[in-house]
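Computed from a predicted structure; not experimentally measured. Order of the sequence lines fixes the chain letters, A, B, ..., with proteins taken first and strands second; residue numbering starts at 1 for each chain.
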Amino acid sequence: SQTIHQWPATLVQPVGSPLSLECTVEGTSNPNLYWYRQAAGRGLQLLFYSVGIGQISSEVPQNLSASRPQDRQFILSSKKLLLSDSGFYLCAWIGGGTEAFFGQGTRLTVV
Amino acid sequence: AQKITQTQPGMFVQEKEAVTLDCTYDTSDPSYGLFWYKQPSSGEMIFLIYQGSYDQQNATEGRYSLNFQKARKSANLVISASQLGDSAMYFCAMRELMYSGGGADGLTFGKGTHLIIQP
């Protein structure tokens, strides 16, 4: 069965520091992978998606970037965090039909 | 224009009562799927139910059912016999399949409804 691992679960980072969130998928190959962000009390905003290695589509201009170095690995990064980058970040694998699995999420607080 | 609209930011419901969470959507894509997720305070997204645009019958999963009214572009979630553990955020989401590269751009979410079940 498909599983998504996402880490870390929580992160407190100072403004201006770098960021690296990692997501790995098991039980499938060539998955479509997604990074969403959820601000406090809000819905999920799609940040990036990837349909294959090295293929990244950005939905919203950000202080963030994403990379897909391996088939089942999706990384969200920033060179210099802003206060507005605080939020809950979710990695997702979305396949055909009803297949949509989410990681446990990373709660990022930028201080 | 918003593609998914959830008009109830918060709801208080008495335990054991039925609950209807509203969701309307906007799309010109003839092929799409509608999802409902539950998000407890831990943050994980728990899949509840799915309705395809071509499905003739309303989807049901245990205590969850989806009241799908295609002409009205409505996909309300109904929870029967609510329980204290149902207290959470609930999100409606849509995946457009034909005009968006087979849905490669993922799910579009509403802003959610915060449901609180009272004893």
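- Distance alone, capped at 3.5 Å, places no donor-acceptor pair between the B:D22 side chain and the B:N76 backbone.
- B:F47 and B:Y37 have perpendicular rings, their planes meeting at more than 60° on a 0 to 90° scale where under 30° would count as parallel.
- Of the charged side-chain nitrogens involved, none lies within less than 4.0 Å of a carboxylate oxygen, so that B:E44 and B:K38 do not count as a salt-bridged pair.
- Only the side chain of A:L46 comes within contact range of chain B, with heavy atoms under 4.5 Å apart.
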Requested in this report: Mind running side chain to side chain contact (heavy atoms under 4.5 Å, CB included) on A:F48 and A:L76 for me, showing each step along the way?
Outcome: CA-CA 9 Å; A:F48 301 94; A:L76 182 70; 3.6 Å; yes

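- Per-residue counts of heavy-atom pairs under 4.5 Å with chain B were compared for A:A100, A:G103, A:A9; the largest is that of A:A100.
- Between chain A and the residues B:A93, B:G33, B:G43, the most heavy-atom pairs under 4.5 angstrom are made by B:G43.
- Only the side chain of A:Y36 comes within contact range of chain B, judged by heavy atoms closer than 4.5 Å.
- Only the side chain of A:Q38 comes within less than 4.5 Å of a heavy atom of chain B; its backbone N, CA, C and O stay farther away.
- If you chain together hydrophobic residues whose side chains sit under 4.5 Å apart, B:F91 and B:Y25 never meet in one group.
- Only the side chain of B:Q39 comes within contact range of chain A, with heavy atoms under 4.5 Å apart.
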